[in-house]
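Numbered from 1 within each chain, the chains take letters A, B, ... in sequence-line order.
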Amino acid sequence: MTDTNTRLLYRIYDSDIGYSFRKSRIAVAATIVTLIYFLAAIFAPLVAPTNPYDLASLNLSDAFTPPAWVEGGSSKFLIGADDQGRDLLSAIIFGARMSLLVGFASTFLAFVIGVSVGLVAGFRGGMVDAILMRIADIQLSFPAILVALLIDGVARSVMPSDMHDTIALWVLIFSIGISGWVNFARTVRGSCMVERGKEYVQAARVIGIKSTTIMVRHLLPNVMGPVLVIATIQLAVAILLEAALSFLGVGMPLTKPSLGTLINTGQNFLYSGEWWITIFPGVALAILVLAVNLVGDWMRDALNPKLR
Amino acid sequence: MNFRKMLLLLAIGTTSATLATGVAAEEFRWAGQGDPSSMDPHAAAVGTNLSFLGNIYDGLMRRGRDMSLQPSLALSWAPVGSDGWRFNLRQGVTFHDGASFTADDVLFSFERATGEGSDVGTWFASIDHAEVVDDFTIDFITKQPNPLFPNEIANWMIMDRDWAEANGATSASKEEPNFSRFNTNGTGPFKLESRQADVRTVLVANDGWWDTAEHNVTRATYTPIGTDATRIAALLSGEVDFVNPIPLQDVARVNGAGGFSVIEGVETRVIMLGMEHQNDTLHDSNVTGVNPMKDVRVRQAVYHAIDIDSIIENVMRGQALPAGLLISPGANGFKDEFNTRLPYDPDRSRQLLADAGYPDGFSLLFRCPNDRYINDEAICQAITAMLAQVGIQANLQTITVSNYWPLLREDDFDMYLLGWSPGGSLDASHPMRFLMHTPDPEKRLGSWNFGKFSNATIDSLVPQIVSEVDAGRRQDMIDQVHGIMRDEVAYVPLHVQPLVWAKSDNVELTQRPDNFFNLYWVRVN
């Protein structure tokens, strides 16, 4: 068993993609950074020095403590404390967790919707294709943030104000997911139209396999490459979009801050000297998005047969 | 911040673009935290509304720069006998639509202010009825003597009977839209030119105003900007000439920017926590079938849990005074010895909770506005953390103020944040009538007592305080009420809010201690 695993790992290591990964220092570095974020997010309660959600542990007299290396700083708050005396490092770790959660969940939603629509459009063609792709075109003509704002605004006016905080997470995931499916759909449709005419699909048809089975079992695996690339890029986009929405105050509430929420609270103090409250969450967000994007970029190049 | 405010930011962008093109010398633009909820002067006894509408409507009296009572639509007033007040009205005053102002309009405004839907009826709690003597004389007959009546109605604004009747606006309404909510017809120095709720409101000078204009403003635009940072950026970039308030942490920055100045003062407004006194259960709690807040020990525990000095130092940047009463120093009836707070003592707080039967604390629903008072949201967060330390888990819900008042009126809270300024009268009896008397729509008392605090002694003392002429006896009764209020922890007073306005150096204006901003004192240079 172990032997098979080792051999599999070696095969990955020794493959073209493995080679291109090893040769790209940027890809290695970006992957390491991304992994650090993921691990910190998953194990946030263990990694973070304090639990920023535990209000009983906050002490208002710690408010505005500067980073440890600045005069007046304290080793208790490595990169400072916010306006409520919350440890900023812990807040960022938990905030990144929230950002990644929204990012992954909404990318998954966009993936599911986009891939389904793309498969159906590409496989069926004709009228179905035309209608689905025009819908995609219409949506593509609206900026993603506008679509997300619209969905968010409607959801908020429909729901009672009490529930806003509790549903905020779901509304965010839904609105970002809905605004991101088009890229998946178009890519899958394109690949699907190419694959559709190939012999293996025709063979499957001839022996009477159901359309859905053909789509899922035969087409899907063959269009997954580009989809993975898009998913990685979409993850970075979703994290940024979430931060933008939270920054504008329609995203995660203050009680469950994401990186965007932290930046939003911090900006009130940017000009009054307490720069760390907004700068560090901002830097954390920038690094995360950059790392994910770099991984996506490398993946796009590595999986592109024309560049090999 | 909510979605609407987000749109508002977008709107401000476009507004400022328009403003930049056609700025006349006497055009004045200012920004505040929130928008008046209505253009109806009787719809809400809220400072934001009364201050703003004071530019459009006149009252019988008005407050001067030093808060002194000055003649406005009434030229003079004097008691008639012991049970009434006579007002001699100004002649030759016209409303913005050209109709002339008479005693009948005053009578109408009285009926309207005390009628269905009005939020200002408490001002007239002591009035039995009003009598028109002739076209320019009107008597208000009180149930008992009320020496402070003219002070109490300083924010009461006069509307035109014919206009209101013609437009179906004979009654005010807090929530239902009616004509007077969007349209105005006052006698004041400015007319409403256009209004987009929550976006901007434009006023133009009323050339036919009865008083000689001290101001030189021809057109004034008000833009509510909820976000502190955006509001201050609007000032510094020259989009607006005046903002109220500015974030406390930015005082130094504005003063240092050159061309701008901060006007600081102490407001008459006291920030406090209100609690649910009557309901048998809490709205959102892990204890069911019981309302812990009914127990005075629990209320004391809340009081002892709050470290007001830390809030003032860290959230208010040292620019607020701790409060032990619901009135600020300087208000009539204020006494230092009653202004002491229950000390910050978390151990005592935990002990009190244990004594009351909640050794592990309990949870409750804590409502808080996020754009009404200075740093309101941050104050509430700090309080939530302090309460958590003694075991009370407050589920904090912050919300924009226009959605906040309806929730309080619907009794949808366990604890809430409120700020109170003793309105026109600057007297200790003002918060007593609004906040401490048992809610009684018939007597028009207790209309902002959302937690339904009720104390028989206070209920009997309040009318006596209102009608007592002898200052010494009056103060004794006021002290008695203040003593009960503290023993019973009717409210948990927090601090007296500072006033921090900032203006561009090319305008002159006056900061009134009640945080009212009057356009008729503005000069644009």
Side-chain angles (χ1 to χ4, degrees), chain A residues 52-65 81-86 145-146 148-157 159-166 168 171 175 244-251 253-255 257 261 263-274 277-278, chain B residues 1-7 9-10 226-230 232-233 236 247-254 257 283-284 307 309-311 313-315 317 361 365 367 370 375 377-400 403-404 406-407 412:
Chain A
Y53 301 141
D54 179 17
L55 291 169
S57 70
L58 296 189
N59 193 341
L60 193 57
S61 56
D62 294 332
F64 304 116
T65 308
D82 74 356
D83 60 321
Q84 294 285 336
R86 198 177 279 128
I145 189 158
L146 202 65
L149 270 177
L150 187 76
I151 294 168
D152 195 280
V154 171
R156 269 162 198 267
S157 55
M159 303 284 178
S161 60
D162 277 22
M163 289 177 59
H164 283 177
D165 282 6
T166 25
V171 171
S175 51
L245 290 175
S246 291
F247 180 77
L248 293 172
V250 294
L254 274 170
T255 43
T261 322
I263 298 171
N264 183 25
T265 350
Q267 62 143 352
N268 286 323
F269 309 104
L270 185 58
Y271 294 110
S272 54
E274 290 101 2
I277 305 177
T278 195
Chain B
M1 196 164 94
N2 60 14
F3 178 66
R4 249 188 26 218
K5 276 203 228 152
M6 179 17 246
L7 289 180
L9 293 185
L10 296 175
T227 316
D228 287 337
T230 317
I232 200 160
L236 296 180
L248 299 168
Q249 65 267 19
D250 283 334
V251 169
R253 179 176 158 228
V254 172
H283 283 85
D284 180 11
D307 183 359
D309 294 331
S310 182
I311 291 180
E313 189 193 323
N314 294 298
V315 182
R317 306 268 171 160
L365 171 64
R367 288 213 183 272
N370 56 21
N375 290 345
E377 191 165 25
I379 294 168
C380 290
Q381 285 181 43
I383 288 172
T384 305
M386 288 168 181
L387 291 178
Q389 273 156 25
V390 300
I392 301 175
Q393 294 99 39
N395 167 18
L396 175 62
Q397 300 282 337
T398 61
I399 191 170
T400 181
N403 296 335
Y404 183 64
L407 288 171
D412 189 355

Colleague: Checking B:Ile311 against chain A: side chain, backbone, both or neither under 4.5 Å from a heavy atom?
Modeller: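 It is both, since atoms from each part get that close.
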
Colleague: Hey, which of B:Gly391, B:Ala378, B:Ala385 has the most heavy atom pairs under 4.5 Å with chain A?
Modeller: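 Max contact count across the listed options: B:Ala385.
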
Colleague: Quick one: CZ on A:Phe64 to CZ on B:Arg317, what's the gap to the nearest 0.5 Å?
Modeller: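 Here the rounded value is 4.0 Å.
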
Colleague: Got a second to check how far A:Asn264's CG is from B:Thr227's OG1, nearest 0.5 Å?
Modeller: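 The CG atom of A:Asn264 sits 7.5 Å away from the OG1 atom of B:Thr227.
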
Colleague: For the backbone of B:Ala229 and the side chain of A:Gln267, can you confirm whether one donor and one acceptor N or O come within less than 3.5 Å of each other?
Modeller: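 No; judged by distance alone, with no hydrogens or angles, the pair does not exist.
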
Colleague: With only heavy atoms counted, which part of B:Ala252 is less than 4.5 Å from chain A, the side chain, the backbone, both or neither?
Modeller: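 Neither part; nothing is under 4.5 Å.
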
Colleague: Grab the two heavy atoms, one from B:Asn314 and one from A:Ser61, that are nearest each other, plus how far apart they are.
Modeller: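 It is ND2-CA, 3.6 Å.
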
Colleague: Contact part of B:Val315 toward chain A, heavy-atom cut-off under 4.5 Å: side chain, backbone, both or neither?
Modeller: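 For B:Val315, the side chain is the part near chain A, not the backbone.
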
Colleague: For each of A:Asn59, A:Asn268, A:Leu245, A:Asp54, tally heavy-atom pairs with chain B at distances under 4.5 Å, and name the one with the top tally.
Modeller: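 Most heavy-atom pairs under 4.5 Å with chain B: A:Asn268.
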
Colleague: When you measure from the side chain of B:Gln389 to the backbone N and O of A:Ala56, does any donor-acceptor pair fall under 3.5 Å?
Modeller: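 Judged by distance alone, yes, a pair lies under 3.5 Å.
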
Colleague: For B:Gln381, is it the side chain, the backbone, both, or neither that has a heavy atom closer than 4.5 Å to a heavy atom of chain A?
Modeller: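 For B:Gln381, the contact with chain A is made by backbone and side chain together.
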
